[in-house]
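This report concerns only the one structure given below.
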Amino acid sequence: MLLSTVGFGLMAVTIRLASKTESTLEIAFFRNFFGLIALLPLLLGPALRTPNPRAAFRKTVHTTRLSRYGVRALIGMIGMFLGFWSIANLPLSQAIALAYSSPIFVTIAAVLMLGEVVRIRRWLAVAIGFIGMLVIVRPFSHTFTLGSLVAVAAAITSAIVAIQIKELSTTDGPDTIVFWTYMLWVPMSLVAALFQWHWPQGITWLWLALTGALGTVGQVMWTRALKLGEVSALTPISFVQLVVVTIAGWLLFDEHVDRWTLLGAGIIFASTAYIAHREAQLARQHRSIAASEAAEAGR
């Protein structure tokens, strides 16, 4: 999870560096293109170690839900454009702090889209998270900008995507989901980028390649982390990303994080950490009940 967090944090830095000369749409395309190049060896490696690599790879990426992936990829693409724009145009610490509000919207989306039952304590955590967002955005102050709402919109789309991934994971494995996401993202983002196409020059190629590679590293490590540990234990580690981008913003872009962003980020952190803890607690209870029922059935 620490590797994932640092990977995503450094990706935000390379996005900001690339945005000096390239548009958000073009950065998104190269993030997906180079990300797919970085992903393929990770998928092909295990297949090549089998007696029949072609069959093993086909088994890894096989799905019967391609149309659902199309919807997931489109919404994710919109979220990527919004998120990259906020990283390029807002202070890095503010953009990332608002991105951490996504679990708050995941809870709401789970109720609306999956019919999950959320009790009062998690609703209180959601309300506290919204307070943290208001502290950062400060909608009634002279420092308010509409750009901060773009970061909030990116968090909302990320939440919708998280629900879609949760639904897809009932039939498809993580590698299948990541593979088809990239396979659809590359042509989708290319079509959008062509409207603002500009061939990168010099060191910008490095920033774009690193954006793709770091994004893939972040995704793969995040997936592996969730397999090895509980969300409630891993979520606090993810906030190291805010430290990474805050230091980078100070060193590279002469940005200074204000006390309201720090206060709001702390409130959001407490809210999302509790939500993660509560969800992990409920998951353990469900596993315990299922095991008890299975034992009863076996008697």
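Just the heavy atoms: all of them, side chains too, but no hydrogens, waters or symmetry mates, feed the values below. These figures come from a predicted structure and were not determined experimentally.
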Any side-chain heavy-atom pair of [X] and [Y] under 4.5 Å:
X: I275; Y: S271; result: yes
X: V217; Y: V6; result: no
X: I15; Y: W207; result: no
X: P139; Y: L134; result: yes
X: F179; Y: L40; result: yes
X: T5; Y: V244; result: no
X: V126; Y: I108; result: yes
X: H198; Y: S23; result: no

Which heavy-atom pair separates [X] from [Y] by the least distance, and what is that distance?
X: I87; Y: A12; result: CG2-O, 3.4 Å
X: A73; Y: W185; result: O-NE1, 2.9 Å
X: V106; Y: A162; result: CG2-CB, 3.9 Å
X: G264; Y: V135; result: N-CG1, 3.7 Å
X: L242; Y: A97; result: CD1-N, 4.1 Å

Sequence neighbours excluded - salt bridge (charged side-chain N to carboxylate O under 4.0 Å, His left out) pairs with any residue from residues 16-30: R16-E255
Salt bridge (charged side-chain N to carboxylate O under 4.0 Å, His left out) contacts touching residues 133-148 (sequence neighbours left out): R138-D258
Distance alone, cut at 3.5 Å: any donor-acceptor contact between the side chains of [X] and [Y]?
X: R65; Y: T171; answer: yes
X: T261; Y: S93; answer: no
X: Y69; Y: Q164; answer: no

Main-chain N/O of [Y] paired with [X] side-chain donor or acceptor, under 3.5 Å:
X: T216; Y: G212; result: yes
X: T204; Y: P200; result: no
X: S86; Y: A151; result: no
X: T107; Y: P103; result: yes
X: S101; Y: L98; result: yes
X: N32; Y: A28; result: yes
X: W123; Y: V118; result: yes
X: T176; Y: D172; result: no

Can you hop from [X] to [Y] via hydrophobic side chains spaced under 4.5 Å?
X: I131; Y: Y274; value: no
X: L36; Y: L190; value: yes
X: L251; Y: V257; value: no
X: M188; Y: F195; value: no
X: V191; Y: V71; value: no

Spacing of [X] atom [atom1] and [Y] atom [atom2] [to the nearest 0.5 Å]:
X: L262; Y: T246; atom1: CG; atom2: OG1; answer: 7.0 Å
X: L252; Y: L17; atom1: CG; atom2: CG; answer: 6.0 Å
X: I160; Y: T157; atom1: CD1; atom2: OG1; answer: 6.5 Å
X: M221; Y: L214; atom1: CE; atom2: CG; answer: 12.0 Å
X: S189; Y: I27; atom1: OG; atom2: CD1; answer: 12.0 Å
X: R31; Y: T211; atom1: CZ; atom2: OG1; answer: 8.5 Å

Neighbour count above 12 (heavy atom, 6.0 Å) for F269 CZ: yes
Could you give the side-chain donor-acceptor pairs of residues 51-61 under 3.5 Å, partners two or more places apart or in another chain?
{"unit_1": "N52", "atom_1": "OD1", "unit_2": "A55", "atom_2": "N", "d": "3.3"}
{"unit_1": "T60", "atom_1": "OG1", "unit_2": "A56", "atom_2": "O", "d": "3.0"}

Steps toward side chain to side chain contact (heavy atoms under 4.5 Å, CB included) verdict (L90, T145): CA-CA 9 Å; L90 297 176; T145 64; 4.2 Å; yes
Derivation of the side chain to side chain contact (heavy atoms under 4.5 Å, CB included) call for V152 and M133: CA-CA 8 Å; V152 174; M133 290 172 53; 3.6 Å; yes
Ring pair (Phe, Tyr, Trp, His ring centres under 6.0 Å) partners of residues 93-114, not counting sequence neighbours, each pair once: Y100-F239, F105-F130
Side chain to side chain contact (heavy atoms under 4.5 Å, CB included) evaluation trace for W205 with F34: CA-CA 10 Å; W205 281 109; F34 286 116; 4.2 Å; yes
Residues L149, L146; criterion side chain to side chain contact (heavy atoms under 4.5 Å, CB included); working and verdict: CA-CA 5 Å; L149 297 183; L146 290 176; 3.9 Å; yes
Fellow cluster residues of L124, listed by chain then number, with links counted only when side-chain atoms sit under 4.5 Å apart: I120
Check: W197 ring centre within less than 6.0 Å of F30 ring centre: yes
Ion pair check, E167 and R72, cut-off under 4.0 Å: no
Would you tabulate the side-chain donor-acceptor contacts of residues 74-85 under 3.5 Å, counting partners in other chains and residues two or more places apart, or write 'none'?
none

